[in-house]
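The structure presented is a predicted model; accordingly, all values stated were derived computationally and were not measured. First the proteins, then the strands, lettered A, B, ... as listed; each starts at 1.
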2 protein chains.
Amino acid sequence: MTDPELAARAPLTKERVLRAAIVLADEGGIEALTMRRLAEALGAEAMSLYYHVSGKDGVLDGIAEVVAQEISEAAGQIREQGSWKATARARILAAREVLLRHQWAPGVLASRSQPVPAVLGYHDALVGLMRAGGLSYDLIHHGLHALGSRAIGFSQELFDPGAGPVQPDQLTQLAAALPHLAGMLAEVAHDDPESTLGWCDDQTEFEFGLDLILDGLDRARVR
Amino acid sequence: MTDPELAARAPLTKERVLRAAIVLADEGGIEALTMRRLAEALGAEAMSLYYHVSGKDGVLDGIAEVVAQEISEAAGQIREQGSWKATARARILAAREVLLRHQWAPGVLASRSQPVPAVLGYHDALVGLMRAGGLSYDLIHHGLHALGSRAIGFSQELFDPGAGPVQPDQLTQLAAALPHLAGMLAEVAHDDPESTLGWCDDQTEFEFGLDLILDGLDRARVR
DNA sequence: ACCTGAACACCGTTCAAGT
DNA sequence: ACCTGAACACCGTTCAAGT
């Protein structure tokens, strides 16, 4: 108790372990999160973690739940808008802001063998919102699947064509093998030459896809 | 040459290595694909692989390209339908059939630091199809982002509410904490009590989401 | 040209032991 | 109750060596 060596480090708790794990994943991606590095970040040995969490899967379950709670809370701050669609849109964009700070989250959530409680809670609120907006349970069910991870603000891209601005000489090379893609790129890049993000703005594209789905669901609603 | 010991195993080639890697990933998931197990499946030592591929990332790049080619070829078999939308739909569903045999593919494709050539080729054809259908390059660009991994037949789900049929007693438990989800489940499960897949049919849900996006894009087209 | 063995720096985890 | 050291079965990879 009075020994400075023992008092030097706060005792481990499950909460401290999970918070440190999230910091590691945020900063170095999910592959930076190892039991050994996590322990080191906490000033402990790897084996000490096992007293507070049930192995690495326990850590992943835990951080999934913490982030899902954060998403739920952010969405909960959104007040009712003029329509179910506007409210759902605002809630999902609020969720996305959280997710942008935890980009590893969709993969971890999808990899859990048991449903993550706070994710269910988030979707429960979404179902309630859509039901109150006049959508049938059947349509809502299809809608949740159609949204998939987009419901929490994430859309999986297969390649990043906007890794950098397209150079004219790259375009001519591209045109031979991929004429349609090159044609599209040339025009889209020309329309927005100022874009510092390259020619794709993630946020704009996310909102476009989200609106496409929400609009489609609203149109399918029986009025 | 006449020594049976030496003749016992076909020499390694990049193609054989990649084919074996795909079999491993198909059968045991992407985490079953390790350099050591891959070598073992080929009757060689782990270090021998490095002569044919540039490490594990080279294997991942390689299998990503092979599967993307398979997807491209499957889509290429589809002949023109009555509209761009019908053709795109049929091509994407053909891609999905390939993907269902290689469920690890979306994750691997998304994890590549360089674009996978055959994925670009597949998207190039899709762009051409949409352009011929009267969509502007700008709309096509948004459309590709809106589709994301759905363009090759994959939709990321955050949880699998259809892991099994919902039991009545589970529903009452659920209803307390998640009233809206429970209400939806009760109705959807009731509507289709025969479903052996639980209450969610992946294929149906995939097609619903796909049509929502394709219909939305077609509607946004200037006619 | 093609393949390998030994070795290194990592993983997650078990188990017996410390305080 | 809480933490640790040694050890085990795995990883990917480098490097020098074999044929």
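Not a single donor-acceptor pair under 3.5 Å links the side chain of Arg131(B) to the backbone N or O of Met184(A). Looking at Arg89(B), its side chain never comes within 3.5 Å of a backbone N or O of Asp211(B) through a donor-acceptor pair. Formation of a donor-acceptor pair under 3.5 Å by the Arg150(B) side chain with backbone atoms of Ala146(A) is found in this model. Put simply, the side chain of Lys56(A) gets close to the backbone of Leu33(A): a donor and an acceptor are under 3.5 Å apart. His123(B) places a side-chain N or O within donor-acceptor distance of the main-chain N or O of Val119(B), the cut-off being under 3.5 Å.
Within the structure, no pair that satisfies the side-chain hydrogen bond (donor to acceptor under 3.5 Å, both in side chains) test touches residues 45-55 of chain A, not counting sequence neighbours. The list of ring pair (Phe, Tyr, Trp, His ring centres under 6.0 Å) pairs with a residue in residues 89-114 of chain B, not counting sequence neighbours, reads His102(B)-Trp104(B).
Summarising the geometry, the separation between NZ on Lys14(A) and P on dA1(D) is reported as 18 Å, rounded to the nearest angstrom. If you take CG of Leu38(B) and C1' of dT13(D), they are 15 Å apart, rounded to a whole angstrom. The CZ-C1' distance, from Arg36(B) to dC11(C), rounds to 11 Å in whole Å. Going from atom CD of Glu40(A) over to atom C1' of dT4(D) covers 16 Å, rounded to whole Å. Protein atom CD of Glu45(A) is 5 Å distant from nucleotide atom P of dT4(D), rounded to whole Å.
The closest side-chain donor-acceptor pair between Gln203(A) and Glu207(A) falls under 3.5 angstrom.
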Inset, instruction - Kindly determine whether Met130(B) and Val127(B) satisfy side chain to side chain contact (heavy atoms under 4.5 Å, CB included), including the steps that lead there. - result: CA-CA 5 Å; Met130(B) 293 166 107; Val127(B) 171; 5.7 Å; no

Inset, instruction - Would you please test Leu210(A) and Leu93(A) for side chain to side chain contact (heavy atoms under 4.5 Å, CB included) and show each step? - result: CA-CA 9 Å; Leu210(A) 177 60; Leu93(A) 293 182; 4.2 Å; yes

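Judged by the 6.0 Å and 45° rule, Arg96(B) forms no cation-pi pair with Phe154(B).
For DNA chain D, the residues of residues 47-61 of chain A within the heavy-atom distance limit of 4.0 Å (strictly under) are Met47(A), Ser48(A), Tyr51(A), His52(A), sorted by number. For residues 21-34 of chain B, proximity to DNA chain C is found at no residue, defined as any non-hydrogen atom under 4.0 angstrom from a strand atom.
One finds a side-chain N or O of Arg37(B) lying less than 4.0 angstrom from the OP1 or OP2 phosphate oxygen of dC11(D).
Annotation: side chain of Glu65(B) is in contact with side chain of Pro117(B) (closest heavy-atom distance under 4.5 Å).
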For nucleotides 16-19 of chain D, tabulate all protein N/O to nucleotide N/O atom pairs closer than 3.5 Å, reporting atom names and distance.
none

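Shown here for Asp124(B) and Ala177(A), the closest heavy-atom pair between the two residues is OD2-O, 4.4 Å.
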Inset, instruction - Starting at the 5' end of DNA chain C, write a dot or bracket for each base, bracketing those in Watson-Crick or G-U wobble pairs whose two distances are under 3.5 Å and using | for partners on another strand. - result: ||.|||||...|||||.||

